[in-house]
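Labels below follow one simple rule: chain letters A, B, ... track the order of the sequence lines, proteins then strands, and each chain is numbered from 1.
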Amino acid sequence: MMILKSKSKYDLESTLYSGQCFLWNPILSDNLQAHEIVLGGTRFRVQQLSDKIDAIYPLNITQNQSLILQNHLRVDDDLGYIYQSIESDKYLLSSFKKFEGLHLLRQDPWECLVTFICSSNNNMKRIKLMLNKLINSFDNTHTDSLGEYKTFPTPDQIIEAGEEHLRSLGFGYRAKYIFETSRIILYENIDLLKLRSQNYDDNLEQLTMFPGVGDKVANCVMLFSLDNLNAFPVDVWINRVLREIYLNDSKNKIADSRLRSHFQSYFGEYSGYINHYLFHSRRND
DNA sequence: TTTGGACCTGTACGC
DNA sequence: TGTTTCAGGTCCAAA
């Protein structure tokens, strides 16, 4: 075991299951609630220990593995700094208090892109089911001291398997989107990780070129995997909060992309972090 | 620039 | 048991 250093209090449960990532799985281990994920080909397990995170697997975790985990969990984020910036906002202040320690995650951009293409017109339970089916339908099996585990399929594996394969797994019309997106990434030789060094506008333009990726999905991918902390996904939940709390208007139609750009300016450079607190609070009302 | 309908599927409903 | 609705949207055509 190894306690990960984090800059702020860390709420693992809220962070892992707040709807930003669907690849974490709860594990009951030694009567303690642990959580498991595969990152960069390695299986990791963590558990909450007071305000911190205890990395319990791999057993003799290397420095490099520890960095991979810390990087994914964004333990260096200074939540106190973000809290300060919204001190005058009573609604936000109460939700920051209620979910103190909720962090964003830094996911793999490819896995995140597939996840949120799946999310369209869909619910959380089924998104998770679809991703599990996808992972289990490929033979990317690895073995460690806990047994076998699988890694996420690559774009070329998805192309080789074909669109029909995705349809047979229950992806519906999203099968075509994921298949075509895989083709574009492979044939145009796109390195999604490089997008981390690009700004918001360039990434929005790049991501919305993929079929099945509109404003909302692109903003999710940017916020949850590309370090664009000013990304601001507007879905039905965020739409409700913004109207009820900030606009006092639940009737007039306003395009989501207009709401998005308005509140990006309003909330500032960490608007994406604020977005996630608004989302999580509204869903847990 | 905006609007409305179609799109896969599983589930929660009403009968 | 058999419809209808809805779920963290996107795309396309038409106004």
Spacing between [X] atom [atom1] and [N] atom [atom2], to the nearest angstrom:
{"X": "A:K176", "N": "B:dC8", "atom1": "NZ", "atom2": "P", "result": "9 Å"}
{"X": "A:E163", "N": "B:dC7", "atom1": "CD", "atom2": "C1'", "result": "13 Å"}
{"X": "A:E180", "N": "C:dC11", "atom1": "CD", "atom2": "C1'", "result": "14 Å"}
{"X": "A:M130", "N": "C:dG8", "atom1": "CE", "atom2": "C1'", "result": "13 Å"}
{"X": "A:Y177", "N": "C:dC12", "atom1": "OH", "atom2": "P", "result": "7 Å"}
{"X": "A:N284", "N": "C:dG8", "atom1": "CG", "atom2": "C1'", "result": "14 Å"}
{"X": "A:N132", "N": "B:dG10", "atom1": "CG", "atom2": "P", "result": "15 Å"}
{"X": "A:D256", "N": "C:dC11", "atom1": "CG", "atom2": "P", "result": "14 Å"}

So which protein N/O to nucleotides 13-15 of chain C N/O distances come out below 3.5 Å?
none

Original post:
Which listed nucleotide (B:dC8, C:dC11, C:dG8) is nearest to the side chain of A:C220?
Top reply: C:dG8
Regarding [X], tell me which of base, sugar-phosphate or nothing describes its non-hydrogen contacts under 4.0 Å with the strands shown.
{"X": "A:T208", "answer": "nothing"}
{"X": "A:P233", "answer": "nothing"}
{"X": "A:G19", "answer": "base"}
{"X": "A:D215", "answer": "sugar-phosphate"}

Original post:
Below 3.5 Å, does any donor atom in the side chain of A:K125 face an acceptor in the base of B:dG10, or the other way round?
Top reply: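 Result: no qualifying N/O pair found.
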**OP:** Would you kindly check whether a donor in the side chain of A:Y173 faces an acceptor in the base of C:dG9, or vice versa, at under 3.5 angstrom?
**Re:**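 Answer yes: a donor N or O sits under 3.5 Å from an acceptor.
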Subject >> A:D215 and A:R260 ion-paired at < 4.0 Å >> reply: yes
Heavy-atom count check: over 12 atoms from other residues, nucleotides or ligands less than 6.0 Å from [X] [atom1]?
{"X": "A:D78", "atom1": "CG", "value": "yes"}
{"X": "A:K176", "atom1": "NZ", "value": "no"}
{"X": "A:N189", "atom1": "CG", "value": "no"}

Subject >> Interatomic distance, A:S225 atom OG to A:H72 atom NE2 [nearest 0.5 angstrom] >> reply: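 Answer for the OG-NE2 pair, A:S225 versus A:H72, is 11.0 Å.
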**OP:** State the NE2-CD1 distance between A:H262 and A:I254, to the nearest 0.5 angstrom.
**Re:**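 CD1 of A:I254 is found 8.5 Å from NE2 of A:H262.
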Subject >> Aromatic plane relationship, A:F263 with A:F232 - under 30° parallel, 30 to 60° tilted, over 60° perpendicular >> reply: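 Parallel: the ring planes of A:F232 and A:F263 meet at under 30°.
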**OP:** Specify whether A:Y173 and A:Y177 have parallel, tilted or perpendicular ring planes, treating 30° as the upper limit for parallel and 60° as the lower limit for perpendicular.
**Re:** perpendicular
Taking only the [atom1] atom of each, what is the distance from [N] to [M] in whole angstrom?
{"N": "B:dC8", "M": "C:dG2", "atom1": "P", "value": "24 Å"}
{"N": "C:dG8", "M": "B:dC13", "atom1": "P", "value": "14 Å"}
{"N": "B:dG14", "M": "C:dA7", "atom1": "P", "value": "15 Å"}
{"N": "B:dG5", "M": "C:dC6", "atom1": "C1'", "value": "16 Å"}

Original post:
Tell me, what's DNA chain B's dot-bracket, Watson-Crick or G-U with both distances under 3.5 Å, | for other-strand, [ ] crossing?
Top reply: |||||||.||..|..
Just the atom pairs and distances: protein N or O near nucleotides 4-7 of chain C's N or O, under 3.5 Å.
from  : atom 1 : to     : atom 2 : distance (Å)
C:dA7 : N7     : A:N121 : OD1    : 3.1

Set of residues satisfying side-chain hydrogen bond (donor to acceptor under 3.5 Å, both in side chains) with respect to [X], sequence neighbours excluded:
{"X": "A:T42", "value": "none"}
{"X": "A:H103", "value": "none"}
{"X": "A:N140", "value": "A:Q157"}
{"X": "A:D202", "value": "none"}

Original post:
Taking the side chain from A:N230 and the backbone from A:S271, do they hold a donor-acceptor pair closer than 3.5 Å?
Top reply: no
Original post:
On DNA chain C, nearest-nucleotide positions of A:S18 versus A:G212: which is more 5'?
Top reply: A:S18
Checking [X] now: which residues fulfil ring pair (Phe, Tyr, Trp, His ring centres under 6.0 Å) with it, not counting sequence neighbours?
{"X": "A:Y200", "answer": "none"}
{"X": "A:F116", "answer": "A:F224"}
{"X": "A:F96", "answer": "A:Y83, A:Y277"}

**OP:** Using a 4.0 Å heavy-atom cut-off, write out nucleotides 1-6 of chain B from 5' to 3' as B (base contacted by protein), S (sugar-phosphate only) or - (no contact).
**Re:** ---S--
**OP:** For A:N203 and A:Q198, test the side chains for any donor-to-acceptor distance below 3.5 angstrom and give the result as yes or no.
**Re:**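 Side chains of A:N203 and A:Q198: pair found under 3.5 Å.
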Subject >> Between A:H280 and A:W237, a side-chain donor and acceptor under 3.5 Å >> reply: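 No donor-acceptor contact under 3.5 Å links the two side chains.
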Original post:
Which ones in residues 93-111 of chain A lie close to DNA chain C, meaning a heavy atom under 4.0 Å from one of its atoms?
Top reply: none
